Amino acid sequence: QLLAVAGMALARDFALFTLCSAVLGFSNITPYLIPAYVSKRVPAAQLGYATATIATGVTAGILFARAGGGFVGEFLGWRAVYMLGAASMLVISLCLPFVMKDRSRIERGPKLTYVTLMRSMSWIVRAHPGVLVSGVIQAFNFGQFLATWLGISLHLTSREMGFGVDMVGYLSALALLNLAVTPRLGAVAACIKQAATALKDALLLGKGRVERKAGRLLHHQRQIRRLD
């Protein structure tokens with residue numbers, strides 16, 4: 001990834017830029033390796049929280065990159081964006097060995113070939129069909145995300161609108177508010193769900209009491225009729 005980004009920054013023709021971009025796309029698997037790495041290093045009870053933290057970090061990184069890239073690209077040129085990206089990746093690559101935990105502490109499973117790993121995906125889908133549904137939803141979600149931001153970027157920088165790429169960055173910065181609002185909305189949704197569940201239980205409990213009272217009343221009426 002570092003070499004691809006550096007190649008895009010130094011490319012002198014469009015063909016080389018496109019080639020480096022394609023290499024970057026095929027090698028950009030880090031966001032998908034991090035959840036697997038973390039899942040082996042956190043307790044099962046904290047896995048959901050850890051996964052949510054990773055997802056928030058990835059989304060924040062995308063939006064921060066768009067905001068910073070738009071500002072830098074407008075005033076320093078597009079090459080500066082890729083140069084800064086390559087420099088950041090170099091620094092992170094040098095720091096990772098010092099912050100990652102020792103792999104020797106993790107219980108290692110049997111070594112599997114790439115073909116076996118790819119086949120295991122079909123086994124997982126057959127055993128857990130919900131994984132396929134979740135994957136399709138995530139694919140559409142990510143596709144919609146890319147299509148929306150690409151369309152916004154092209155529209156804002158078109159001749160009709162006349163804005164620079166910095167405006168796209170400012171809009172991305174505004175979208176960062178979602179990271180602060182979304183958890184609170186999730187908490188509100190959880191409270192609403194709990195309130196709805198409590199109301200449903202109360203209604204069912206009240207219904208049960210009414211039915212019991214009605215049953216007792218009916219039973220007394222039948223006894224009175226028999227005495228008559």
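If you read the sequence from its start, that first residue is 1, and numbering goes on from there. All values derive from a computational prediction rather than experimental measurement.
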Shortest non-hydrogen contact from A86 toward V5: N-CG1, 3.7 Å

Under 3.5 Å donor-acceptor, Q1 side chain and L24 backbone: no

Heavy-atom donor-acceptor pair, S21 side chain to F17 backbone, under 3.5 Å: no

Please list, one pair per line, the donor and acceptor atoms closer than 3.5 Å that link side chains of residues 130-139 to other protein atoms, with sequence neighbours excluded.
none

Verify same cluster id: L19, M8 (apolar side-chain graph, 4.5 Å): no

Same apolar cluster: L84 and F75, side chain cutoff 4.5 Å: no

Straight-line distance of M83 CE to L76 CG, nearest 0.5 Å: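 If we round to the nearest 0.5 Å, M83:CE and L76:CG are 11.0 Å apart.
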
Interatomic distance, T116 atom OG1 to M121 atom CE [nearest 0.5 angstrom]: 13.5 Å

Residue of the set C95, S88, S93 for which side chain to side chain contact (heavy atoms under 4.5 Å, CB included) holds with V91: C95

R79 CZ: over 12 foreign heavy atoms closer than 6.0 Å: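 Yes.
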
Crowding at CG, L90 (>12 non-hydrogen neighbours, <6.0 Å): yes

